[in-house]
Amino acid sequence: TISPEPQIGLTDAVLTGQGLILQTAQRPPQICLGAVQESYPPQCSGPEVVGLKWEQMPSMEQAGDVRWGEARVVGTLIDDVFTLIEAPSEATFPVEPDVGTGADPYPQLCNDPYRTGGDGLEIESDAGLIAEEDWGRVLEAYDGYVGSWVSGVSTYNVLVTGDPDQAYADLQGVWPGGLCIEQRQAPTYVDVRHAQDALSRSDVSGLQGSVPVPSGGLEVDVMLADTETTNSIYQAVSAYLQPDDVQIVSALLPRG
């Protein structure tokens, strides 16, 4: 679902996507393509769905006057109204993060994460949670910090724009678990957060949220990545990020 290039004329095209379809009382059904509140019954919002017959849904739950179910839909989107041209079919959640390649997108970056000691601290222990909170603050304030992720039991893999050996010397005494550091020419975490703030203040249509990418850059979730929306995102973050630093994820895509 990642759209690396602007899509043109999607509002006139047949689109497909998947999400939670929800209907309350006498209101028309909606398809929720973004976040869903995990209450019972669930709560969410999205485009109105026209042409839905609940008996055609692959599955459905009901509580009081609320009914809902997950489905893949095919139709057109005009003025925030999604008109079905086919009956809903079974959704295929979740999408594999490796897009079927089998590759680990966040591998361990070194073979010797305990080269200066370390006790294999368990992150989910009380001591580990306290250490991780302090560690997170140190990382975010560190000059040239790009992003990080955990591998194994307690090894932090950290990307920096500067000298990785110097970063290791600066940081290895802070985290009691394993530590791997690699240099990466990518936007810093500080710039990514600034870009997030700028995006949240913008008027990008169909914006559903954004999150820093551990390997650098920003992932932006939108309802529909048409040309106008894509260009608006690039413009909103242009003071901090280049287009190649932004991964735009479109909930609706042209049917192939």
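The structure presented is a predicted model; accordingly, all values stated were derived computationally and were not measured.
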Check the pair Tyr234 / Ile248 against side chain to side chain contact (heavy atoms under 4.5 Å, CB included), numbers first and verdict last.
CA-CA 10 Å; Tyr234 292 158; Ile248 300 176; 3.9 Å; yes
Worked check of side-chain hydrogen bond (donor to acceptor under 3.5 Å, both in side chains) between Gln18 and Thr92
CA-CA 8 Å; Gln18 56 188 12; Thr92 57; 3.1 Å; yes
In sequence, state the C-alpha distance, the side-chain angles, and the governing distance for Gln30 and Cys44, and then conclude on side chain to side chain contact (heavy atoms under 4.5 Å, CB included).
CA-CA 9 Å; Gln30 298 174 302; Cys44 61; over 6 Å; no
Going through the distances and angles, do Met60 and Trp68 end up as a side chain to side chain contact (heavy atoms under 4.5 Å, CB included)?
CA-CA 6 Å; Met60 186 191 77; Trp68 67 94; over 6 Å; no
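Between Arg72 and Glu86 no salt bridge is recorded (no basic side-chain N to carboxylate O distance below 4.0 Å).
Side-chain N or O atoms of Asp112 include none that pairs as donor or acceptor with a backbone N or O of Tyr114 at under 3.5 Å.
Arg184 pairs with exactly one of Val158, Leu159, Thr161 by the side chain to side chain contact (heavy atoms under 4.5 Å, CB included) rule, that one being Leu159.
Side-chain contact annotation: Ser200 with Asp197, donor-acceptor N/O pair under 3.5 Å absent. No side-chain N or O of Ser205 forms a donor-acceptor pair with one of Glu228 less than 3.5 Å apart. For the residue pair Asn231 and Gln235, no side-chain donor N or O sits within less than 3.5 Å of a side-chain acceptor on the partner.
No more than 12 heavy atoms of other residues, nucleotides or ligands shown are found within 6.0 angstrom of CD on Gln242. Within a 6.0 Å sphere centred on CZ of Arg137, other residues, nucleotides and ligands contribute more than 12 heavy atoms.
Cluster annotation: Val211 is not connected to Leu207 through the hydrophobic network of ILVMFWY side chains, with a link wherever side-chain heavy atoms come within less than 4.5 Å.
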